[in-house]
Amino acid sequence: MNTLLSGLPILLLIWVMTKRNAMPSHIALPVTALLIALIQLFLFQADLSLLGANIMAGILSVSTPISIVAGAILLNRMLFFSGAETVLSQWLKGVSTNKVAQLMIIGWAFAFMIEGASGFGTPAAIAAPILVGLGFPIIPVAIFVLVMNSVPVSFGAVGTPIWFGLSGLSLSDVQFIEISQLTALLNSIAALVIPFIALRFLLGWQEIRQNAGFILLSVLCCTIPYVLLAQWNYEFPALIGGAVGLVLSVVLAKKGVGLHSQIDMSLPSKPVKTWEVVKVFLPFVLLIAILIVTRVPQWGVKDLLNTMSPLWTWRFGETEFEVSRALVFSLKSILGTEMSWQYKSLYVPAMIPFLIVSLLCIPLFAMSRTRVVSAFRDTGRRLFLPMLSLMGALVMVNLMIQGGNDAPMLLLAQAFAGLLGDSWGYAAALLGALGSFFSGSATVSNLTFGGIQLSIAEQVGLPVTLVLALQSAGAAMGNMVCINNIIAVSTILGVANQEGFIIKRTIVPMLAYALVAALFSVVSLAFL
């Protein structure tokens, strides 16, 4: 009975978000969190103080992902209102007239890099308008960018889905790196298939076959550095892999390597000035440079931004609020429990580098006050509903793991483990995809189901790092069918009431991705 009650809120959440008149995540997730709180309080007889502490910690924890989202959206809006996106579109027309080259440079390599820097649906939002501006049809473009925005997602927003999404599982540094390695390898294998399927939504098979050499080279230009970096780091694989892949893909396209000759006389011949192109890419270069400087431990900046040396401490009751010299905000012993919260304001990629780079865009593009205000106003307008969704998800996760051996998440894990046993590897990625589908975020999927995956792995004797890698890759592939992302891209492109149609198309490549993940688990178990 307890297991049934533990799973009821999750089943209800899935139903209300997938039925014909689906409930939006900003309502469904908080309501689910409330339902779990009531079950904990009245049926599991949860300690009231611990229940309140978990709710407070969940609400406060939204500060990390929402600040990253805010920074990413602000930079995106600055580029939009400055006209930089238009310049980028014009420049690409001069790189190659081949449609495959244009789609791979913007929809794959450029989006790969943007995902590594910002994540949270930003790549599709930036790439889709550029491709439509190049003359590609709107709805197929929406499907294409959603499918493409999958492989890099596990390491999106400077690795947020891994370092934040799996942060509550008490994993060692060695385990984090192993998860990073396995995830990158799995995603890179899927990358040999997914772009070909995605291109089919816009082009015929003959055109794809004729340009298969360039497609494969462009894929490898991103995934080889992606896999190499993942051997020792889980923040930069997508960011650096995308940047390297973008540069190399442009060089290959200019030289026509692997491309079938194709001329489109409708494209304008007027070239874009080199300085204009440099200006457009300068914010991304600065973004990458700042992230590298602040993340490489050997340079010492990372330690400075994470120092916990107290600057100011304030106690109220049994709870302690502390601010460190690096402006790390901490709340300890919440309501007298062991629950705590922490926000590293200078290290979380919000103020540094997103806000800094966004502000530098003002003089760089000579933006007027009106355009700057519009960018900030548009950013603020887009934040409220995602914040509610994330709050609901984080509170829900905290409440699901409350209760020790009787925690709802542990009871669900035991049920899943008993159902599939050591065959769980076949389904692990699908659970991750389900999390992204209803939550709109790979990070939230890892937060929601990471604990269940860990418990299942321990109970059935599967390698924990492999199962969590399958979860991480599954959360990435779930971006294809994520309702929030579909609505966001559709809104940007001016498409209405096509969400169901798009999901029916994107679910096919997602299932292909899931098949790759299942086969990967079989092969990996033979070596781990």
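In this chain, residues are counted from 1 in sequence order. Predicted model, so just to flag it, every value in this text is computed and none were measured.
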(Q) Looking at every non-hydrogen atom in both residues, tell me the closest pair between Thr307 and Val328 and how far apart they are. (A) O-CG2, 3.9 Å
Q. Hey, what do you get for CG (Asn233) to CG (Leu228), rounding to the nearest 0.5 Å?
A. 12.5 Å
Q: Compare every heavy atom of Ala53 with every heavy atom of Leu335, then report the nearest pair and how far apart it is.
A: CD1-N, 3.5 Å
Q. Taking Ser150 for the side chain and Ala476 for the main chain, is one N or O donor matched with an acceptor at less than 3.5 Å?
A. no
**Q.** Nearest atoms (heavy-atom pairs only) where Val151 meets Asn187
**A.** O-ND2, 3.3 Å
Q: For Ser345 and Leu327, indicate whether the former's side chain and the latter's backbone hold a donor-acceptor pair under 3.5 Å.
A: yes
Q: Assess whether atom CH2 of Trp314 is packed by more than 12 heavy atoms of other residues, nucleotides or ligands within 6.0 Å.
A: no
Q. Is any side-chain heavy atom of Met78 less than 4.5 Å from a side-chain heavy atom of Val372?
A. yes
Q) Taking everything shown except Arg315 itself, do over 12 heavy atoms lie less than 6.0 Å from its CZ? A) yes
Q: Mark yes when over 12 heavy atoms from residues, nucleotides or ligands other than Asp173 sit less than 6.0 Å from its CG; otherwise mark no.
A: no
Q. In Å and rounded to the nearest 0.5 Å, what is the OG to CG distance from Ser524 to Leu466?
A. 5.0 Å
(Q) Tell me whether the count of non-hydrogen atoms from other residues, nucleotides or ligands lying under 6.0 Å of CZ in Phe316 goes above 12. (A) yes
Q: Determine yes or no for a side-chain-to-main-chain donor-acceptor pair under 3.5 angstrom, with Ser374 supplying the side chain and Thr370 the backbone.
A: yes
(Q) Which heavy atom of Asp378 sits nearest to which heavy atom of Arg77, and what is that distance? (A) OD2-CD, 2.8 Å
Q: Identify the heavy atoms of Leu431 and Phe449 that sit nearest to each other, and give their distance.
A: O-CD1, 3.5 Å
Q. Taking atom types as modelled and ignoring hydrogens, do the side chains of Tyr234 and Thr183 form a donor-acceptor contact shorter than 3.5 angstrom?
A. no
Q. Can you check whether Phe176's main-chain N or O pairs, donor with acceptor, with Ser180's side chain at less than 3.5 Å?
A. no
Q: For the residue pair Leu169 and Gln175, establish whether any side-chain heavy-atom pair is separated by less than 4.5 Å.
A: no
Q) Under the 3.5 angstrom rule, does the side chain of Gln453 hit a backbone N or O of Ala428 as a donor-acceptor pair? A) yes
Q) Considering the options Leu462, Leu468, Val467, which one meets the side chain to side chain contact (heavy atoms under 4.5 Å, CB included) requirement together with Val464? A) Leu468
Q: Would you please test Ile502 and Val489 for side chain to side chain contact (heavy atoms under 4.5 Å, CB included) and show each step?
A: CA-CA 11 Å; Ile502 293 174; Val489 172; over 6 Å; no
Q: Kindly compute the distance separating CD1 (Ile130) from CG (Leu88), expressed to the nearest 0.5 Å.
A: 4.0 Å
Q. Mind checking whether Tyr226 and Phe155 have parallel, tilted or perpendicular rings, split at 30° and 60°?
A. perpendicular
Q) Do the side chain of Thr223 and the main chain of Ser188 share a donor and acceptor less than 3.5 angstrom apart? A) no
Q: Compare all side-chain heavy atoms of Ile114 with those of Phe284 and state whether any distance is below 4.5 angstrom.
A: yes
Q: Report yes if the side chains of Trp299 and Thr294 come closer than 4.5 Å at any heavy-atom pair, otherwise no.
A: no
Q) In Å, rounded to the nearest 0.5 Å, how long is the span from CE of Met308 to CZ of Arg325? A) 13.0 Å
Q) Lys302 versus Asn306: any side-chain heavy-atom pair under 4.5 Å? A) yes
Q) Do the side chains of Pro408 and Ile39 get nearer than 4.5 Å, heavy atoms only? A) no
Q.
Run Phe44 and Gln402 through side chain to side chain contact (heavy atoms under 4.5 Å, CB included) and show every step you take.
A. CA-CA 10 Å; Phe44 287 87; Gln402 178 180 332; over 6 Å; no
Q) Quick one: does Asn398's side chain get under 4.5 Å of Leu394's, heavy atoms only? A) no
Q | Minimal non-hydrogen separation, Ile290 against Val357, with atom names | A | CD1-CG2, 4.1 Å
Q. Just wondering, do Leu287 and Phe354 contact through their side chains at under 4.5 Å, heavy atoms?
A. yes
Q | Approximate separation, where rounding is to 0.5 Å, of Asn479 CG and Met148 CE | A | 14.5 Å
Q: State whether the side chain of Ser389 and the backbone N or O of His26 hold a donor-acceptor pair below 3.5 Å, judged by distance alone.
A: yes
**Q.** Short side-chain to backbone donor-acceptor contact, Ser436 and Ala433, under 3.5 Å
**A.** no
Q.
Angle between ring planes, Phe112 versus Trp108, binned at 30° and 60°: parallel, tilted or perpendicular?
A. perpendicular
Q | Donor-acceptor pair, side chain of Asn54 and main chain of Leu50, under 3.5 angstrom | A | yes
Q) Do Ser63 side-chain atoms and Leu60 backbone N/O form a donor-acceptor pair below 3.5 Å? A) yes
Q: Apply side chain to side chain contact (heavy atoms under 4.5 Å, CB included) to the pair Phe520 and Leu185, showing each step before the final yes or no.
A: CA-CA 9 Å; Phe520 180 84; Leu185 182 59; 3.9 Å; yes
**Q.** Geometric class of the Phe281/Phe110 ring pair [parallel <30°, tilted 30-60°, perpendicular >60°]
**A.** perpendicular
Q. Please walk me through it: do Ile503 and Phe437 pass side chain to side chain contact (heavy atoms under 4.5 Å, CB included)?
A. CA-CA 10 Å; Ile503 288 177; Phe437 171 69; 4.2 Å; yes
Q. What's the spacing between Ile66 CD1 and Leu388 CG if we round to 0.5 Å?
A. 9.0 Å
Q) Do Ser445 and Gln471 meet the criterion of a side-chain donor-acceptor pair at a distance under 3.5 Å? A) yes
